[in-house]
Structures are given as structure tokens and as C-alpha cells.
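Accompanying notes for the structure given below.
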2 protein chains.
Amino acid sequence: MKYAIHTLNKAFDNRVRLGVMAVLMTTDSVSFNDLKEALDLTDGNLASHVSALEKAGYVTVSKQFVGKKPNTTYTASSEGKLAFQDHLNALEKLLKGG
Amino acid sequence: MKYAIHTLNKAFDNRVRLGVMAVLMTTDSVSFNDLKEALDLTDGNLASHVSALEKAGYVTVSKQFVGKKPNTTYTASSEGKLAFQDHLNALEKLLKGG
DNA sequence: TTACCAGCTTTGCAACACAAAGTGCTCTGT
DNA sequence: ACAGAGCACTTTGTGTTGCAAAGCTGGTAA
């Protein structure tokens with residue numbers, strides 16, 4: 001059991017969730033539509049994945065009105081950032097032979 | 001469509017396949033049982049994932065006898081190494097904001 | 001013959017991915 | 001007032017995947 005592939009976080013083993021977290025690690029706050037466009041996803045698909053990340057406590061959702069339009073934005077929680085970093089570290093370690 | 005999450009290789013989007021390739025990038029040739037032990041997998045699970053990588057042309061399988069025991073070893077094909085590197089590059093680019 | 005090992009393959013089931021369609025709300029145009 | 005459009009989901013349906021456990025095969029050992 002030298003290679004610890006089981007320490008990879010199940011919450012991030014999907015490309016969409018990976019992409020969402022990658023965005024949120026650098027941009028701090030993104031709107032639903034920007035995220036949808038940045039990752040080239042259907043709205044249903046994005047919504048379900050973000051919802052999974054929210055349930056895990058990794059992203060927080062805030063809804064407000066911008067002008068007269070509803071606007072949902074997402075932010076990585078500090079817990080989410082930590083968990084994602086851990087995941088990336090585990091990944092890197094794995095790839096370097098651990 | 002700034003973040004190219006769709007260029008990630010589907011063949012490597014699984015932790016087991018990722019682990020197999022990680023091992024084969026550094027060790028060149030591994031036996032079934034060493035791989036199974038290194039990744040802590042059931043034999044059926046390992047066999048199916050390696051078979052998937054074989055079908056994709058990313059690993060090659062060779063069977064011989066060591067003493068009187070059958071022995072199966074796996075090697076990454078050059079195509080597999082290239083594809084894996086591409087995948088890692090795409091991953092890194094994604095994480096760096098592309 | 002009985003038992004065992006290596007390496008699969010099959011089975012069965014639960015979880016997941018995704019697109020498409022539907023929902024409820026609000027605003028805009030006529 | 002009514003139609004249409006946009007936002008952000010939620011639901012539905014379908015196909016795919018992940019996995020453990022069990023079965024299988026072909027060889028060896030006693």
C-alpha cells in the first residue's frame with residue numbers, strides 16, 4: 001500500500017468539480033453564468049455539481065439582486081480551499097511516486 | 001469557455017487508473033500482484049481498470065512464467081506516457097487558471 | 001485427488017454524469 | 001394584460017461507471 005490513491009478526495013474526483021474549485025481558488029467569487037460559461041456546461045449540470053460541493057461544505061452560495069436581476073455567486077469556503085489543497089497535495093505526491 | 005476541463009483525458013479521470021499510470025511512469029514494468037498491493041485494490045477491480053487502459057492502448061500486458069508460476073506484468077506504452085503527460089499538463093494548466 | 005495460487009471474468013447493484021425538459025420567479029416589450 | 005425572455009434551479013430519464021464478491025481457468029504442489 002505504498003501509493004495512497006485512497007486519500008484522494010471523492011468530492012473532487014470529477015472534472016466539473018475540479019474545474020469549479022480551480023476557478024474558485026483564484027477568483028474568490030463567481031456568478032452562476034460566468035462559471036457556466038467558463039467551464040462550458042449546461043446549467044443543470046453545473047447546478048448539480050455546485051450543489052454537491054455546497055453539501056460537502058466546500059463552497060458557499062450567496063444570492064442577491066444585481067439591478068433587477070437575480071444573481072447567484074459562489075465562493076470557496078476556507079474548509080473547501082484546505083480540502084482542495086490537500087487533494088492536490090495527495091495528487092502530487094501520488095504522481096511523484098508516493 | 002476559458003477553462004478547458006473537457007480536454008482532460010477520460011481514460012485517466014479515475015483514481016485507480018491514475019494510480020496505475022503514476023506507477024508505470026516511474027517504474028517501467030510492474031507485476032499484477034505488486035500493483036495490486038501498491039494501490040491496495042481487489043484483484044477484480046485492478047484487472048478491470050488495467051484492461052480499460054489496455055483497450056485504450058495506454059498499457060501493454062505481457063505474460064510469462066517466473067519459475068513455475070504465471071506472471072503478468074504491465075508497461076506503459078509510449079502512447080500511454082504521452083497521453084498521460086498531456087493529461088497532466090491539461091490538469092496543471094487548469095489549476096493555474098486556464 | 002484435493003487443495004492452492006495467479007489472474008482474470010462475470011455478476012449484481014448502487015452511484016454517478018449528463019442532457020433535456022420543466023418550474024417558479026421577475027422583468028421587459030407591446 | 002399578455003407574451004416572451006432570462007435566471008437558477010429541479011426533475012426526469014438514460015446510459016455509464018465503480019466496486020466487491022463470487023466464479024472460473026489453467027497451472028502447480030502434495
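We name chains A, B, ... by the order of the sequence lines, and we start the count at 1 in each one.
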Rounded distance (Å) that lies between atom [atom2] of [N] and atom [atom1] of [X]:
X	N	atom1	atom2	value
A:Asp34	D:dG6	CG	P	16 Å
B:Phe65	D:dA29	CZ	P	11 Å
A:Leu46	D:dC9	CG	C1'	10 Å
A:Glu37	D:dG6	CD	C1'	16 Å
B:Lys68	D:dA29	NZ	P	6 Å
A:Leu39	C:dC18	CG	C1'	15 Å
A:Lys36	D:dG6	NZ	P	10 Å

So, do [X] and [Y] sit near enough that their side-chain heavy atoms are less than 4.5 Å apart?
X	Y	value
B:Glu54	B:Thr60	no
A:Gln85	A:Leu88	yes
B:Asn9	B:Tyr58	yes
A:Val20	A:Leu46	yes
B:Val23	A:Tyr3	yes
A:Val59	A:Val50	yes

- [ ] Grab the stems for DNA chain D, please: at least three consecutive Watson-Crick or wobble pairs, both distances below 3.5 Å, written as range with range.
- [x]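 As far as DNA chain D goes, consecutive pairing (with distances under 3.5 Å) yields the stems C:1-30 with D:1-30.
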Open item on the list: Do B:Val61 and B:Leu41 sit in one hydrophobic cluster, given that two such residues count as connected whenever their side-chain heavy atoms are within less than 4.5 Å of each other, even indirectly?
Closed with: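 Yes, B:Val61 and B:Leu41 fall within the same hydrophobic cluster.
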- [ ] Please list, chain by chain and in numerical order, all residues satisfying side chain to side chain contact (heavy atoms under 4.5 Å, CB included) with A:Ser51, sequence neighbours excluded.
- [x]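 Counting only residues at least two positions away or on another chain, A:Ser51 forms a side chain to side chain contact (heavy atoms under 4.5 Å, CB included) with A:Lys55.
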- [ ] Using the test side chain to side chain contact (heavy atoms under 4.5 Å, CB included), find all partners of B:Lys93 that sit at least two apart in sequence or belong to another chain.
- [x]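 B:Lys93: no side chain to side chain contact (heavy atoms under 4.5 Å, CB included) contacts found.
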Side-chain N or O of [X] less than 4.0 angstrom from OP1 or OP2 on [N]?
X	N	answer
A:Thr42	C:dC18	no
B:Asn45	D:dA20	yes
B:His49	D:dT17	no

TODO: Output all residues satisfying side chain to side chain donor-acceptor pair (under 3.5 Å) with B:Lys96, sequence neighbours left out; order by chain, then residue number.
DONE: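 For B:Lys96, the residues satisfying side chain to side chain donor-acceptor pair (under 3.5 Å) (neighbours in sequence not counted) are B:Glu92.
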Open item on the list: Both B:Ser51 and A:Gly44 contact DNA chain C. Taking the nearest nucleotide for each, which residue is further toward the 5' end?
Closed with: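 Whichever sits nearer the 5' end wins; that is B:Ser51.
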Atom pairs, N/O to N/O, protein against nucleotides 3-7 of chain C, distance under 3.5 Å?
unit_1, atom_1, unit_2, atom_2, d
C:dA6, O3', B:Pro70, O, 3.2
C:dG7, OP1, B:Thr72, N, 2.8
C:dG7, OP2, B:Asn33, ND2, 2.8

TODO: Report the relative orientation of the aromatic rings in B:Phe12 and B:Phe84; use parallel for angles under 30°, tilted for 30 to 60°, perpendicular for over 60°.
DONE: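 Plane angle over 60°, so perpendicular.
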Task: Within residues 9-22 of chain B, residues whose heavy atoms come under 4.0 Å of DNA chain D - done: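 Contacting residues: B:Asn14, B:Val16, B:Arg17.
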